[in-house]
Number of protein chains: 2
Amino acid sequence: MEKNWTPVTAAKGVEQALKIFDGKWKLVIMFHLFGGQVLRFSELEKAIPTITQKMLIQQLRQMEVDGVVRRIVHAQAPPKVEYALTDWGQALCPALDALLKWADLRENHDR
Amino acid sequence: MEKNWTPVTAAKGVEQALKIFDGKWKLVIMFHLFGGQVLRFSELEKAIPTITQKMLIQQLRQMEVDGVVRRIVHAQAPPKVEYALTDWGQALCPALDALLKWADLRENHDR
DNA sequence: CTGCATCCACCTTGATACTG
DNA sequence: CAGTATCAAGGTGGATGCAG
């Protein structure tokens with residue numbers, strides 16, 4: 001199932017992929033959730049002390065809409081909401097590793 | 001040579017990698033240069049009709065500083081300047097492929 | 001505890017005109 | 001041809017206060 005990538009369409013494809021984990025905090029959130037971690041809203045808040053509530057909920061919502069994060073609501077008082085990565089979200093990990101390895105190459109040949 | 005990634009440091013590492021090809025036009029430029037293409041400033045301009053001169057030169061400059069693009073100046077009148085990817089820049093291609101493949105997975109299990 | 005609304009500052013991009 | 005300078009506009013994130 002090959003695709004006919006032109007420079008433009010390929011770039012757009014990557015951009016669309018990037019948009020999904022773009023935003024100042026999405027990567028941090030994902031790395032906290034990699035490996036099947038399931039965390040409450042307040043736990044994420046504690047784990048990322050410098051994030052504001054607004055940003056945390058905003059980024060989580062977008063990630064939920066995009067299908068990388070699953071939202072688990074427990075009907076309780078007080079409210080309890082947990083977040084986890086979807087299978088697709090977990091699947092991003094190798095690609096990010098590839099980026100990290102690429103970044104490491106820089107030192108070898110640098111300028 | 002293993003590293004001890006915490007969620008935060010891993011995220012920062014990826015972010016630094018991302019910054020290098022972040023910007024509205026850098027990916028388009030790179031995909032035009034993948035495979036060892038060497039293009040003049042004016043050729044890039046023609047290849048990307050919707051970009052402005054300001055943006056083209058701005059993005060190229062940043063990419064040059066970051067070490068993904070090489071600038072080749074020919075001492076001539078009229079001026080002739082060519083741009084090509086560095087080895088390190090070329091090495092990004094597989095990582096971008098990984099991202100494209102990840103994006104394709106979405107359809108299989110979707111939401 | 002979880003989440004929403006508002007206001008504000010900054011940064012990136014775009015349009016345009018100009019130069020060696 | 002290759003690049004610079006200036007100004008305006010939109011989007012993103014941060015601070016804060018309020019609500020179910």
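A, B, ... follow the sequence lines: proteins, then strands. Residue 1 opens every chain. All values below were derived from every heavy atom in this structure, side-chain atoms included, with hydrogens, water molecules and symmetry-related copies excluded.
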Without placing hydrogens or testing angles, list every side-chain donor-acceptor pair under 3.5 Å for residues 42-49 of chain B, not counting sequence neighbours.
residue: B:Glu43; atom: OE1; partner: B:Arg40; partner atom: N; Å: 2.7
residue: B:Glu45; atom: OE2; partner: B:Gln53; partner atom: NE2; Å: 3.3

Checklist entry - Does B:Ile20 have any side-chain contact (heavy atoms from CB on, under 4.5 Å) partners at least two apart in sequence or in another chain, and if so, which? => result A:Trp102, A:Arg106, B:Asp66, B:Val68, B:Trp88
Item to check | Set of ring pair (Phe, Tyr, Trp, His ring centres under 6.0 Å) partners for A:Phe21, sequence neighbours left out | outcome: none
Next on the checklist: Once ring pair (Phe, Tyr, Trp, His ring centres under 6.0 Å) is applied, do any residues pair with B:Phe34, and if so which ones, sequence neighbours excluded?
Outcome noted: B:Phe31
Item to check | Approximate separation, where rounding is to 0.5 Å, of A:Lys12 NZ and A:Leu18 CG | outcome: 15.0 Å
Next on the checklist: Does C:dG3 have OP1 or OP2 under 4.0 Å away from a side-chain N or O of A:Tyr83?
Outcome noted: yes
Next on the checklist: The criterion is salt bridge (Lys or Arg N to Asp or Glu O under 4.0 Å); which residues satisfy it with B:Arg71, sequence neighbours excluded?
Outcome noted: none
Next on the checklist: Restricting to non-hydrogen atoms, name the atom on A:Ala10 and the atom on B:Leu100 that form the minimum distance, rounded to 0.1 Å.
Outcome noted: O-CD2, 4.3 Å
Checklist outcome for this item: Students should find that the nucleotides of DNA chain D closing off the region near chain A, any atom under 4.0 angstrom from a heavy atom, are D:dG13 to D:dG20
Next on the checklist: Within residues 39-62 of chain A, which residues have any heavy atom lying less than 4.0 Å from an atom of DNA chain D?
Outcome noted: A:Thr52, A:Lys54, A:Met55, A:Gln58, A:Gln59
Checklist entry - Of the residues in residues 25-38 of chain B, which ones touch DNA chain D at a heavy-atom distance under 4.0 Å? => result none
Checklist entry - To the nearest 0.5 Å, how far apart are NZ in A:Lys54 and CD in A:Gln59? => result 10.0 Å
Checklist outcome for this item: Separation between CD1 (A:Ile72) and OH (A:Tyr83), nearest 0.5 Å, reads 10.0 Å
Item to check | Contacting residues from residues 12-21 of chain B, given that a heavy atom lies under 4.0 angstrom of DNA chain D | outcome: none
Item to check | Residue whose nearest DNA chain D nucleotide is more 5′ - A:Gly23 or B:Val81 | outcome: B:Val81
Next on the checklist: Going by salt bridge (Lys or Arg N to Asp or Glu O under 4.0 Å), name the residues that satisfy it together with B:Asp97, two or more places apart in sequence or in a different chain.
Outcome noted: none
Next on the checklist: Taking side chain to side chain donor-acceptor pair (under 3.5 Å) as the cut-off, I'd like each qualifying pair that reaches into residues 13-39 of chain B, sequence neighbours left out, listed once.
Outcome noted: B:Lys26-B:Gln62
Checklist entry - So, do A:Met30 and A:Val69 sit near enough that their side-chain heavy atoms are less than 4.5 Å apart? => result no
Item to check | Distance in Å, B:Thr52 OG1 paired with B:Leu56 CG, rounded so as to fall on 0.5 Å steps | outcome: 8.0 Å
Checklist entry - Between atom CG of A:Leu33 and atom OG1 of A:Thr86, what is the distance when rounded to the nearest 0.5 Å? => result 10.0 Å
Checklist entry - Bend angle of the helix from C:dC1-D:dG20 to C:dG20-D:dC1 from five-pair axes at both ends, rounded to 10°? => result 40°
Checklist entry - Considering only heavy atoms from C-beta outward, does the side chain of A:Leu85 approach that of A:Leu92 to under 4.5 Å? => result no
